[in-house]
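The structure displayed is predicted, hence computed values, not measured ones.
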Amino acid sequence: MQRIRHGDDSVHEAHDINVTPFIDVMLVLLVIFMVTAPLTTVNVPVDLPSSTEKPVPRPDAPVFLTVKADHGLALGEDDVTPDSLPAALAAATQGDRDARIFLRADKTVDYGTLMGVMDRLRAAGYLKVALVNLQNAGEGSTAP
């Protein structure tokens, strides 16, 4: 049996780095980031719908605080000023700071005004606040 020789039989080492696996990993990461990046942003304008959920049973003597369209406040049916609100709430709840306050607001009242009223409630010690809305009013419908 004869062997064919090709010059010398020494093994030469290749000193090149195989970058193919590195490129594969980088492409997979690029695709993952391209898919997940749009999901992390919240730039969609939202028009929140009204609730169609069944209401929670109302207490026997609920305390309603209303923010009127002119940004005035009414506790029950009596007008109150923002400064007299803590005393009026204490009288309406007999000093019970755990009583739930039902907050109603005209739809023209801006978010900042509503948050200001909620801050006043929190400062007065009333942390249980329920927001009141129209029940079973579908989107685009008008309720009396």
Group every Ile, Leu, Val, Met, Phe, Trp and Tyr by side-chain heavy-atom contacts under 4.5 Å, then state whether Ile23 and Ile17 land in the same group.
yes
Arg104 CZ to Lys68 NZ distance, which is reported to the nearest 0.5 Å:
11.0 Å
Single-linkage hydrophobic cluster Leu29~Val19, side-chain heavy atoms < 4.5 angstrom
no
Looking only at heavy atoms, the pair that brings Ala90 and Arg97 closest together is CB-NH1, 4.5 Å
Residues that Thr113 engages under side chain to side chain contact (heavy atoms under 4.5 Å, CB included), provided they are two or more places apart
Val67, His71, Val109, Asp110
Co-membership, hydrophobic cluster, residues Leu30 and Phe22, 4.5 Å side-chain:
no
Ile101 and side chain to side chain contact (heavy atoms under 4.5 Å, CB included): which single residue from Val117, Leu89, Leu75 fits?
Leu89
Just how far is it from atom CG of Leu103 to atom OG1 of Thr66, taken to the nearest 0.5 Å?
8.0 Å
Checking Pro82 now: which residues fulfil side chain to side chain contact (heavy atoms under 4.5 Å, CB included) with it, not counting sequence neighbours?
Leu73, Arg120
Looking at Val80, is its backbone amide N or carbonyl O close enough to the side chain of Ser84 to form a donor-acceptor pair, meaning the two atoms are under 3.5 Å apart?
no
Side-chain heavy atoms of Leu85 within contact of Leu65, under 4.5 Å:
yes
Can you confirm whether the side chains of Asp83 and Thr81 place a donor and an acceptor under 3.5 Å from each other?
no
If two hydrophobic side chains count as joined below 4.5 Å and joins carry through other members, does Val63 share a cluster with Val129?
yes
Below 4.5 Å, heavy atoms only, C-beta onward: do Arg100 and Phe102 meet side chain to side chain?
yes
Cluster question for you: counting only ILVMFWY and a side-chain heavy-atom cut-off of under 4.5 Å, with indirect links fine, are Met26 and Met34 together?
no
Below 4.5 Å, heavy atoms only, C-beta onward: do Thr93 and Tyr126 meet side chain to side chain?
yes
